[in-house]
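Structure first, then comments.
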Amino acid sequence: MVPMDPERPNNRKRIAVLASGRGSNFQAVIDAIASGEIPAVCVGLVTDNPGAYAIERAKAAGIPATVVEYARFPTKAAYEEALLEAMRGCRADLFVLAGYMRILGAGIVHEFSGRMMNIHPALLPAFAGLHAQRQAIEYGVKVAGCTVHLVDEGTDTGPIVVQRCVPVLPDDDESTLAERILAEEHQALPLAVKLFCEDRLEVAGRRVRIR
Ligand code: GRF
């Protein structure tokens, strides 16, 4: 018999979330864990923003929150060192970037390679970076959506795990489109986390096969 890992009761994965703001995607993950949809335990929230509403969500769910406030560090390197320490402290199998609004440095990306996921509000590889919904409106696309991808060194360039689409309607502006996409994000992110936690993702180069 394989002995039970006390940090992973019932073999559940340990996940930690990085978020900078509102945290509605974080909440979707919390809810999917609570309902038994995702076989994981959420062991921590790490945020760069002491005013993030995500902290309230963590408190309500009994999840420890660690603030590594960007503004308190003299350089990006010093900030990232503290962030890396906070992440290591989580001893997580998976880190979920749910509205974490900074680009991670190469050191962190390498250390957690293959075990970090990000949600982006566009159908990548279109409209990477900031203001993806605005970019979609301005470009005039008829279909938009969201992407959950593994994190590599680029900005929103890692292997794609899940995508979901929405129509762009003639009267849409950035905020109406963002709202429609967000509803899909709340489905896509828990699904991708679930697949990871069930060991169902097989990554071969850029391609992610779902077992
Ligand atoms: C989402 O649109 C996410 O795709 C993007 O930032 C937004 C975060 O929203 N990266 P929330 O904090 O999860 O509510």
Side-chain angles (χ1 to χ4, degrees), residues 15-34 37-38 40 42 44-61 63 65-70 83 94-104 108-109 112 116-139 141 143-168 172-196:
I15 70 163
V17 174
L18 270 68
S20 300
R22 176 178 61 180
S24 69
N25 279 290
F26 174 38
Q27 188 67 53
V29 171
I30 292 172
D31 294 347
I33 291 174
E37 181 69 15
I38 300 178
C42 186
L45 166 75
V46 182
T47 181
D48 55 326
N49 172 13
Y53 188 65
I55 297 171
E56 305 307 316
R57 299 183 190 271
K59 276 188 194 150
I63 296 166
T66 306
V67 180
V68 185
E69 188 179 356
Y70 187 80
L83 180 64
L94 175 69
F95 289 91
V96 180
L97 275 51
Y100 176 72
M101 300 310 280
R102 297 183 188 281
I103 294 171
L104 289 171
I108 292 181
V109 172
F112 303 111
M116 247 191 316
M117 272 180 187
N118 179 47
I119 175 98
H120 183 73
L123 292 175
L124 292 170
F127 313 132
L130 290 176
H131 308 301
Q133 303 95 332
R134 189 191 306 167
Q135 293 184 56
I137 295 272
E138 284 172 0
Y139 199 91
V141 291
V143 177
C146 63
T147 303
V148 184
H149 62 91
L150 296 172
V151 176
D152 67 7
E153 275 184 44
T155 302
D156 303 322
T157 52
I160 290 170
V161 181
V162 171
Q163 290 188 302
R164 293 179 70 119
C165 315
V166 300
V168 180
D172 270 339
D173 59 21
E174 188 180 349
S175 86
T176 57
L177 179 60
E179 202 180 313
R180 194 172 308 116
I181 293 172
L182 191 64
E184 296 302 316
E185 294 183 41
H186 295 163
Q187 305 293 319
L189 186 61
L191 172 60
V193 173
K194 172 188 165 76
L195 294 170
F196 180 96

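Indexing begins at 1, ligand by ligand and atom by atom, following the structure's order. Worth knowing before you read on, the calculation uses all heavy atoms, side chains too, and leaves out hydrogens, waters and symmetry mates.
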How far is atom 11 (P) of ligand 1 from its nearest protein heavy atom, and which residue and atom is that? S24 N, 3.4 Å
Test item: Q133 side-chain N/O and S175 main-chain N/O as donor-acceptor pair under 3.5 Å: no
Tell me: protein heavy atom nearest atom 10 (N) of ligand 1, and distance? I119 O, 3.3 Å
Would you say L182 and ligand 1 have an N/O pair spaced under 3.5 Å apart? no
Among protein heavy atoms, which sits nearest to atom 9 (O) of ligand 1, and what does the distance come to when rounded to 0.1 Å? R22 NH2, 3.0 Å
Can you pull out the closest protein heavy atom to atom 1 (C) of ligand 1? Residue, atom name and distance to 0.1 Å, please. E185 OE1, 3.0 Å
Whether the side chain of E184 engages the backbone of C165 through a donor-acceptor N/O pair (distance < 3.5 Å, no angle test) should be reported. no
Which heavy atom of the protein is the closest neighbour of atom 12 (O) of ligand 1, given with residue, atom name and distance? G23 N, 2.7 Å
Atom 5 (C) of ligand 1 sits nearest the protein heavy atom P121 CD, 4.0 Å
Determine whether a donor-acceptor pair (N or O, by modelled atom type, separation under 3.5 Å) exists between the side chain of H149 and the backbone of Q163. no
What residue and atom, counting heavy atoms only, is the protein's closest point to atom 8 (C) of ligand 1, and at what distance? G99 CA, 3.7 Å
Show your reasoning for whether side-chain hydrogen bond (donor to acceptor under 3.5 Å, both in side chains) applies to D152 and T157. CA-CA 7 Å; D152 67 7; T157 52; 2.5 Å; yes
Hey, is the main chain of Q187 close enough, under 3.5 Å, to the side chain of R164 for a donor-acceptor pair? no
Check I15, V161, I33 against V193 for a side chain to side chain contact (heavy atoms under 4.5 Å, CB included) and give me the one that passes. I15
